[in-house]
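Encoded as structure tokens, the structure appears first; notes follow it.
Order of the sequence lines fixes the chain letters, A, B, ..., with proteins taken first and strands second; residue numbering starts at 1 for each chain.
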Number of protein chains: 2
Amino acid sequence: MGKGKVTIKDVAKVAGVSTGTVSYALAGDPRINEKTRKLVEEAAHKLNYIPNEVGRSLRSRKTETIAFVIPNTSSHVFSHPYFLKLLEGITEVLEEYSYNLQISTTPSEKEEAKAYDKILRSNRVDGIILSSASLKDRNILRMVESGFPVVYLGKWHHEEVLTVERDDFRGAYEAASHLAGLGRRRIVHISGPLDHQESVDRLEGYKQALSDHQILYDASLVVEKDFSREAGAAAVEELRAANVRYDGIFAGNDLMAIGALKQLKRMNIAVPEEVSVVGFDDIDMADAVTPELTTVHQPMREIGRMAAEKLLAVLQDREVPEKRSIVSTRLIIRESCGGQPQ
Amino acid sequence: MGKGKVTIKDVAKVAGVSTGTVSYALAGDPRINEKTRKLVEEAAHKLNYIPNEVGRSLRSRKTETIAFVIPNTSSHVFSHPYFLKLLEGITEVLEEYSYNLQISTTPSEKEEAKAYDKILRSNRVDGIILSSASLKDRNILRMVESGFPVVYLGKWHHEEVLTVERDDFRGAYEAASHLAGLGRRRIVHISGPLDHQESVDRLEGYKQALSDHQILYDASLVVEKDFSREAGAAAVEELRAANVRYDGIFAGNDLMAIGALKQLKRMNIAVPEEVSVVGFDDIDMADAVTPELTTVHQPMREIGRMAAEKLLAVLQDREVPEKRSIVSTRLIIRESCGGQPQ
DNA sequence: CTGAAAGCGCTAACAA
DNA sequence: TTGTTAGCGCTTTCAG
């Protein structure tokens, strides 16, 4: 039996009905007589018939495929541990609905526009889940506003667009407050790239926490880095070189926190005795390091699930309960801070 | 401009040629006159024409999409850190060739057969990269032997099938030899599930290394686990409960090694002073833990690249240089063993 | 070198 | 309740 050789015509012939009837019967259309349906199903089963999805898509204008798009500008996302959790959540839901998943990374930045156009208009996918990107990225804007079904993973300043967001502000607020509550007064913030909304929000949460604890904001304690371990280590090194004194670090993500931890160890600075450290993300690595990292947990798998559910609701013309969904974070206290807040 | 509304007909009309000519012109067919080609290209550009891939696929019987299939039986792969590297390698190559990537996880085991059939015969993808699976999995067998273009990531006992393999035996051999070279004599092996070829090969490499170092194989030192951190910790705990004495651990992967490390720490057993530990994989976590983990590096990104290259060679009727590709591993010596071998 | 036209496999509108 | 048929958008023979 050659692959894909048996078509709807063959089934129709064997069942002694027309192709239209086969199509309806297999789709479970109520208009088809029970007996005929049985007949068709038997024929299909005997021939081991599997519909050609391409023919189906062309006619019905549906692919039952969605794309998970990772913008070039945030290509780092791709190598981040939490990306897997996101993917897990998405695939779980898609499996339930028998949808397919396509992964689209965009190539070089200059070809991005074309790449997006292609995704949107080549009719290969019905909708997309868009990973968060730089605020400067104009292509994202076009994508989101194209009218094509999109769920954006992050905050988007537009009424109509569907999003699943973390509460970055609140997460950061709690993290920094925790440090302040432990008596830390000179708290460094190693932020992610500030052209990313999440970084901005985390920085704001940090500032608010300081303010609420009567700590004066000191710009020399904030360093902007790129979310990598190396950057976290570099930040600590730079602070040393600049002779900055501090007793706490709130890092914009776990990788940077872990890099910082390592550098502190190299410099023989004791964590948490001399410096308390908090991260953000709660990746698997966070409780593998020594000391175990206190961090802000974000339910990435759940976010993936929600995004997929939301997108499918649109595609299947079901009610979308809320345009913006905001999932909350949770502070996980481990060893890198030294005890519960006072 | 509505999405995907402009078709080849529109372009033909504007350019004043037939649709066939447009098709050829845009494909760069040399039969088309230079002038006509220009004309068509201009029209296409002016209309912002993007071909409907579904129509194209139906006619040409090519989707320019490949699937990366993760079998249910090895669903753990999905949550493993190196999976991302694999994905990175694959997407890099696919981007070069403008191919699309579909991720297929198979649902519950009982529906696996049907799911595979669908992937193979619904004409949605041109070929697949198949992640390694249980040796017992009959569905994999069918898939590999179906004649559909498949690249299998692992060893496969069949002449015709294309594979990209690690040298698990040699990697394990070197790991265990390293321990033996450090004077370790009672070396535990925490193996992965033994219905996976890679686990079997690593076990064999371990045995060979023992034998070459005049160490008697002791079955009580081998425990079979499931590749997770928890399992690694559990293994160490079980050894304690059974009062087994040992001075080295070779774990079947890094996660188990890291789990073991943590449990040893809980039990106040010093690494590497009392027990030397080696892992396998060299995931990012390996050099984040304390002590940093000595492990066997496998170039997952390169493996992904090779698999994609190989599959594309088949799909594009190019020469496939070798059916089986075996990439070698490399022992990375860090802190968890205590020094260079004698 | 280009146009006309068949047809990939399927669905859905219309007829019967 | 079922059959007939047009046509989704494209590629690729076959003529010219």
Side-chain angles (χ1 to χ4, degrees), chain A residues 1-41 43-44 47-65 118 120-126, chain B residues 1-41 43-44 47-65 118 120-126:
Chain A
M1 204 168 318
K3 54 171 176 168
K5 274 279 176 233
V6 31
T7 78
I8 201 170
K9 275 189 193 162
D10 301 316
V11 179
K13 204 174 295 171
V14 169
V17 297
S18 74
T19 61
T21 303
V22 173
S23 178
Y24 282 135
L26 261 28
D29 190 300
R31 283 177 297 182
I32 298 296
N33 184 335
E34 177 73 5
K35 254 183 215 149
T36 323
R37 218 200 64 229
K38 275 262 162 39
L39 204 66
V40 170
E41 276 171 359
L47 295 175
N48 198 1
Y49 169 66
I50 291 180
N52 180 323
E53 299 283 347
V54 180
R56 192 208 290 272
S57 292
L58 181 57
R59 177 63 226 232
S60 66
R61 321 197 125 275
K62 282 190 180 177
T63 62
E64 312 219 309
T65 300
K118 207 174 155 194
L120 290 178
R121 299 171 59 220
S122 64
N123 290 46
R124 248 202 240 281
V125 300
D126 298 339
Chain B
M1 203 167 317
K3 54 169 177 169
K5 273 278 177 239
V6 30
T7 78
I8 200 169
K9 274 189 195 162
D10 302 316
V11 179
K13 205 173 293 170
V14 169
V17 297
S18 74
T19 61
T21 303
V22 173
S23 178
Y24 281 135
L26 262 29
D29 190 298
R31 283 177 295 184
I32 299 295
N33 184 335
E34 178 73 5
K35 254 183 216 149
T36 323
R37 219 200 64 228
K38 275 260 162 38
L39 202 68
V40 170
E41 275 171 0
L47 294 176
N48 198 2
Y49 169 65
I50 291 180
N52 180 321
E53 299 283 349
V54 179
R56 193 209 287 275
S57 292
L58 182 57
R59 176 64 226 229
S60 65
R61 319 197 129 275
K62 282 190 179 176
T63 60
E64 312 218 307
T65 300
K118 208 173 155 193
L120 291 179
R121 299 171 61 220
S122 64
N123 290 43
R124 247 202 240 281
V125 299
D126 298 338

Among the nucleotides [options], which one has an atom lying closest to any side-chain atom of [X]?
X       : options              : result
A:Ile8  : C:dT2, C:dG9, C:dC10 : C:dC10
A:Arg59 : C:dG3, C:dT11, C:dT2 : C:dT11
B:Ile32 : C:dT2, C:dG9, D:dC10 : C:dT2
A:Pro51 : D:dC8, C:dC10, D:dT1 : C:dC10

message: To check you understand the geometry: which heavy-atom pair defines the closest contact between A:Ser18 and A:Ala12, and what is its length?
response: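 Answer, listing the atom of A:Ser18 first, then A:Ala12: C-CB, 3.7 Å.
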Length of the [atom1]-[atom2] vector between [X] and [N], whole Å:
X       : N      : atom1 : atom2 : answer
B:Leu39 : C:dC1  : CG    : C1'   : 14 Å
B:Asn33 : C:dG3  : CG    : P     : 11 Å
A:Lys13 : D:dT2  : NZ    : C1'   : 19 Å
B:Glu53 : D:dC8  : CD    : C1'   : 15 Å
A:Leu58 : D:dC10 : CG    : P     : 9 Å
A:Lys9  : D:dT4  : NZ    : P     : 13 Å
A:Glu34 : D:dT1  : CD    : P     : 11 Å
B:Asp29 : C:dT2  : CG    : C1'   : 11 Å

For B:Leu39, check side chain to side chain contact (heavy atoms under 4.5 Å, CB included) against everything at least two apart and list the hits.
->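 In terms of side chain to side chain contact (heavy atoms under 4.5 Å, CB included), with neighbours along the sequence ignored, B:Leu39 is linked to no residue.
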task = With sequence neighbours excluded, tell me which residues meet side chain to side chain contact (heavy atoms under 4.5 Å, CB included) with A:Ser60.
result =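 With sequence neighbours excluded, A:Ser60 shows a side chain to side chain contact (heavy atoms under 4.5 Å, CB included) to A:Arg56, A:Lys62, given in chain and number order.
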Report yes if a side-chain nitrogen or oxygen of [X] is closer than 4.0 Å to either non-bridging phosphate oxygen (OP1 or OP2) of [N]; otherwise report no.
X       : N      : value
A:Arg61 : D:dG9  : yes
A:Ser23 : C:dC10 : no
B:Thr36 : C:dT2  : yes
A:Arg56 : C:dT11 : yes
A:Tyr49 : C:dG9  : no
B:Tyr24 : C:dA4  : no
A:Ser18 : D:dG3  : yes

Report the end-to-end axis angle of the helix from C:dC1-D:dG16 to C:dA16-D:dT1; each axis comes from five terminal pairs, and the value is rounded to 10°.
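Axis angle across the helix from C:dC1-D:dG16 to C:dA16-D:dT1, nearest 10°: 40°.
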- Between B:Gly20 and B:Ser60, name the one whose nearest nucleotide on DNA chain C is closer to the 5' end.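 This one resolves to B:Gly20.
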Between A:Gly55 and A:Arg31, name the one whose nearest nucleotide on DNA chain C is closer to the 5' end.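 Looking at DNA chain C, the more 5' nearest nucleotide goes with A:Gly55.
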Using a 4.0 Å heavy-atom cut-off across all strands, classify B:Val54 as base, sugar-phosphate, or nothing.
->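 B:Val54: no heavy atom of the nucleic acid under 4.0 Å.
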Using a heavy-atom cut-off of 4.0 Å across all strands, would you classify A:Ser57 as base, sugar-phosphate, or nothing?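 Nothing: the residue A:Ser57, judged by heavy atoms under 4.0 Å, touches no strand.
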From A:Thr63 OG1 over to A:Asn123 CG, what is the distance, rounded to the nearest 0.5 angstrom?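 Rounded to the nearest 0.5 Å, the OG1-CG separation comes to 8.5 Å.
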- When rounded to the nearest 0.5 angstrom, what is the spacing between CZ in A:Arg124 and OG in A:Ser57?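 Separation between the atoms: 10.5 Å.
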Discussion item. Would you say that B:Lys5 contacts B:Asp10 through its side chain, given a criterion of any heavy-atom pair below 4.5 Å between the two side chains?
Written reply: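 A side-chain contact is absent here, since even the closest heavy-atom pair is not under 4.5 Å.
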*Do A:Glu53 and A:Thr65 come within less than 4.5 Å of each other through their side chains, counting heavy atoms only?*
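No, every pair of side-chain atoms sits at 4.5 Å or beyond.
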task: Evaluate the salt bridge (Lys or Arg N to Asp or Glu O under 4.0 Å) criterion for residues B:Lys38 and B:Glu41: first the C-alpha distance (whole Å), next the side-chain angles of each, then the deciding distance (0.1 Å), finally the verdict.
output: CA-CA 5 Å; B:Lys38 275 260 162 38; B:Glu41 275 171 0; 5.8 Å; no
- Upstream residue (5' side of DNA chain D) when A:Lys35 and A:Thr19 are each assigned their closest nucleotide: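 Residue closer to the 5' terminus by nearest nucleotide: A:Lys35.
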Sidechain-backbone polar pair: B:Arg121 side chain, A:Asn48 backbone, donor-acceptor under 3.5 Å =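 Checked: pair present.
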